[in-house]
Amino acid sequence: MQQELVCACQMGFSGTFCQIDDPCYPNQCLQQGTCTSNGDDFICSCPPSHDGKTCSNLVDPCVPDPCINGGRCIDLNLRTEFFCTCVPGFKGVRCEEEQDLPPTTESTTVGNMTTVSSSNLRGSGRQLLGSEFLIFVTVVLSIIFLKFK
């Protein structure tokens, strides 16, 4: 009678003789990313605020610049939302809509959060109501003031 050999493998190893090393043990992904074994390698599924092989890079939703027609991108929070300030004559999440304005009138963007999807863009754009924009500017100026105080 032939006896069958059974190995009890330590964590991170598998196979008949524990010869297979699991590249996801321990988890290589940072920022609570999810690790998936891919042969001898691993792939990280990162949270929206990070990217890279191990989720170690902070994402900047303003790179590449999602705002068009001379708009300026502002990173709103946790590197997942951006806001475009549009030059007079344009409006929209990415300043993509032309707006007929008299020469002395400034553009005001009104609306709700809109997700921007493109292979080269990250994060979501947001149009702020006039009062929201004033609060946003006040908060940003307060942070800058406190930083240099």
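With hydrogens and angles ignored, the 3.5 Å screen pairs a side-chain donor or acceptor of Asn69 with a backbone N or O of Cys95. In terms of modelled atom types and a separation under 3.5 Å, the side chain of Asp40 and the main chain of Asp21 share no donor-acceptor contact. When atom types are taken as modelled, the side chain of Gln28 and the backbone of Pro26 share a donor-acceptor pair closer than 3.5 angstrom. The main-chain N or O of Phe42 is found under 3.5 Å from a side-chain atom of Lys53 such that the two form a donor-acceptor pair. Between the side chain of Arg94 and the backbone N or O of Pro66 there is at least one donor-acceptor pair closer than 3.5 Å.
Summarising the geometry, atom OG1 belonging to Thr85 is positioned 5.0 Å from atom CD1 belonging to Ile74; distances are rounded to the nearest 0.5 Å. Of the inter-residue distances, the one linking Cys24 atom SG with Asp41 atom CG reads 9.0 Å to the nearest 0.5 angstrom. Distance CG/Asn27 to OG1/Thr36: 9.5 Å, rounded to 0.5 Å.
Remark: SG of Cys67 is not found under 2.5 Å from SG of Cys73. Cysteines Cys55 and Cys29 keep their SG atoms at least 2.5 Å away from one another. The SG atoms of Cys7 and Cys18 do not lie less than 2.5 Å from each other. Sulfur atoms SG of Cys35 and Cys44 are positioned 2.5 Å or more apart.
Side chains of Asp22 and Ser14: a donor-acceptor N/O pair is absent below 3.5 angstrom, by distance only.
At a threshold of 4.5 Å between non-hydrogen side-chain atoms, the residues His50 and Leu58 count as touching. Looking at Phe90 and Glu98, their side chains come closer than 4.5 Å, going by heavy atoms from C-beta outward.
Nearest heavy atom pair, residue Gly52 against residue Asn57, reads CA-ND2, 3.6 Å.
More than 12 heavy atoms of other residues, nucleotides or ligands sit less than 6.0 Å from atom CD of Gln19.
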